[in-house]
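Just so it is clear: chains get the letters A, B, ... in the order the sequence lines come, proteins before strands, and each one is counted from 1. Worth saying up front: this structure is predicted, and the values here are computed from it rather than measured.
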Number of protein chains: 2
Amino acid sequence: MGLKIGELAQATGTKVETVRYYERIGLLPEAERTSGNYRSYTPAHLDQLNFIRHARRLGFDIADIRSLLDLADQPERDCAEVDRIASGHLQAVEDKIARLVLLQEELNRMIGQCRGGRVGNCRIIETLADHSLCRSDHAGG
Amino acid sequence: MGLKIGELAQATGTKVETVRYYERIGLLPEAERTSGNYRSYTPAHLDQLNFIRHARRLGFDIADIRSLLDLADQPERDCAEVDRIASGHLQAVEDKIARLVLLQEELNRMIGQCRGGRVGNCRIIETLADHSLCRSDHAGG
DNA sequence: CTTGACCCTGTAGCCGCTACAGGGTGCATA
DNA sequence: TATGCACCCTGTAGCGGCTACAGGGTCAAG
C-alpha cells in the first residue's frame, strides 16, 4: 500500500494542506483512495512532489513548474524550452535583487542620516515625506 | 475646492482604486464629499498620500506605514521607534537579498551545466528531480 | 469502548492591490 | 434639450501560494 498524505508530506517537507492544494490545482495527480477514503500515494507521486518542492524552493512559480513537469515527461524533446524557462526565472531573480539593492541603499542612507533626537527633525520621516530628498531612483514593485 | 480623486491619484502616481483602498483600510483619512458625492481632497491628503507612496516604494508594509504616520504626527517623540521600524525593514530587505542571491547562484549553476540536447539528459531537469545534485542550501521562502 | 492521531471536505483568510459590474455626475457640444 | 463622454460612486471578486480553521470520519492501540 502507498503512502498516506501525512507520510508523503513529511517525506518531502510539505504541509498536508499544501499537498491537497497541489492536487486541487492539478499540479500533483490525484491519488488512489483506500477503502476509508484516504489518499494513497505511489513512489511516482513522491518523485513528482520532490520535483515540485525543489522548483518552488528555487522560486519557480506554479505555471513554470507545470511547464517543467510537462517537459520532463517528454525526454526526447529539445531542452531549449527548459533552458528558456530557467533563464527567464533567473532573469526575474536578478531583477528582483537589483531592485532590492536599490532599496537597501536608500534605506541605509536614510537611517545613516538620523542622529537620534525627536521625530520632529528625524531625517527618516523627512525623507519619506519628500521624495526629492532621495537619491531618487528606487523603483516601484 | 479640493482635488478630485483622479487628480490626487495622478499627482501621486497612484491608481484611483488604490486611493479608495487606502481610505477603506484607514490608511488615508476620509475626504469630504461634494454635493455630487465626489471625494474632495486637501493638500494634507496629498502630503499624506505622497508619504504613503514613498514608503511603499521603499517596501514598507502597510502596518509599518501606519506606525510611521502615527509617529510623524507626534514630533516631540524620540525618533528611536522610527529608527527601529526602518532598521527592521532594512534587515528584512537584506535577508531577502541574501536568499535571492543563493537562488541566483544555484540557478546559474544549473543553467551552466546544460549543454543543450534532449530533455532526457538535461541537467536542469535532473537537478530539479534530485536535490542532492544541488550545492544544497538554497532556503525556502 | 474510548482515546487520540490521523484523515476527509469545504471555505475563508493572508497581502496589496487590481479589475470589473452596474450605476450616477458634470460639462461640452449638436 | 438631448446626447455623449469622461469621470465619479459602491460593492465584490480575483490574483499567488499557500495556511488555517470548522466540522466531521477512520483506524489502531490500550
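For the pair A/Arg20 and B/Ser40, nearest-nucleotide mapping onto DNA chain D gives the more 5' position to B/Ser40. Remark on DNA chain C: of its neighbouring residues B/Tyr38 and B/Ala63, the 5'-side contact belongs to B/Ala63, judged by nearest-heavy-atom nucleotide. Sequence order on DNA chain C of the closest nucleotides to B/Arg24 and A/Gly36 puts A/Gly36 first from the 5' end.
B/Thr14 places no side-chain N or O within donor-acceptor distance of the main-chain N or O of B/Thr18, the cut-off being under 3.5 Å. A side-chain donor-acceptor contact under 3.5 Å links B/Thr12 to the backbone of B/Ala9.
Under 3.5 Å, the side chains of B/Asn108 and B/Gln104 contain no donor-acceptor pair of N or O atoms.
Taking both residues in full, the closest heavy atoms of A/Ala55 and B/Leu128 are given as CA-CD2, 3.8 Å, listed atom of the first, atom of the second, then distance.
Between the CZ atom of A/Arg56 and the CG atom of A/Leu58 there is a distance of 10.5 Å, given to the nearest 0.5 Å.
One can place CG of B/Asp61 at 10 Å from C1' of C/dG16, the figure rounded to the nearest angstrom. Between A/Glu7 atom CD and C/dA5 atom C1' the separation is 12 Å, expressed in whole Å. Rounded to whole Å, atom P of C/dT18 lies 5 Å from atom NZ of B/Lys15. As rounded to whole Å, 11 Å separates atom C1' of C/dC15 from atom NZ of B/Lys96. Regarding B/Asn37, its CG atom lies at a distance of 17 Å from the P atom of C/dG23, rounded to whole Å. Atom-to-atom, CZ of B/Phe60 to P of C/dG16 comes out at 13 Å; the value is rounded to the nearest Å. When rounded to the nearest whole Å, the span between CZ of B/Arg33 and P of C/dG26 equals 13 Å.
In summary, contact between chain A and DNA chain D, defined as any nucleotide atom under 4.0 Å from a heavy atom of the protein, begins and ends at D/dG17 to D/dC27 in the 5' to 3' direction.
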Should B/Arg123 and B/Glu126 be marked as a salt bridge (charged side-chain N to carboxylate O under 4.0 Å, His left out) after you check the CA-CA gap, both sets of side-chain angles, and the distance that decides it?
CA-CA 5 Å; B/Arg123 296 289 285 161; B/Glu126 281 173 30; 3.0 Å; yes
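From one end of the helix from C/dC1-D/dG30 to C/dA30-D/dT1 to the other, with five pairs defining each end axis, the axis direction shifts by 30° (rounded to 10°).
Annotation: A/Glu30, atom CD; neighbour count of heavy atoms from other residues, nucleotides and ligands within 6.0 Å does not exceed 12.
Between A/Tyr41 and A/Leu49, every side-chain heavy-atom pair lies at or beyond the 4.5 Å cut-off.
For the pair B/Arg53 and C/dC17, the criterion of a side-chain N or O lying under 4.0 Å from OP1 or OP2 is met.
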Ignoring hydrogens and angles, write down the donor-acceptor pairs under 3.5 Å from the side chains of residues 60-70 of chain A, residues two or more places apart or on other chains.
residue	atom	partner	partner atom	Å
A/Asp61	OD1	A/Ala63	N	3.4
A/Asp61	OD1	A/Asp64	N	2.9
A/Arg66	NH1	A/Ile25	O	2.9
A/Arg66	NH2	A/Ile25	O	3.1
A/Ser67	OG	A/Ala63	O	3.2

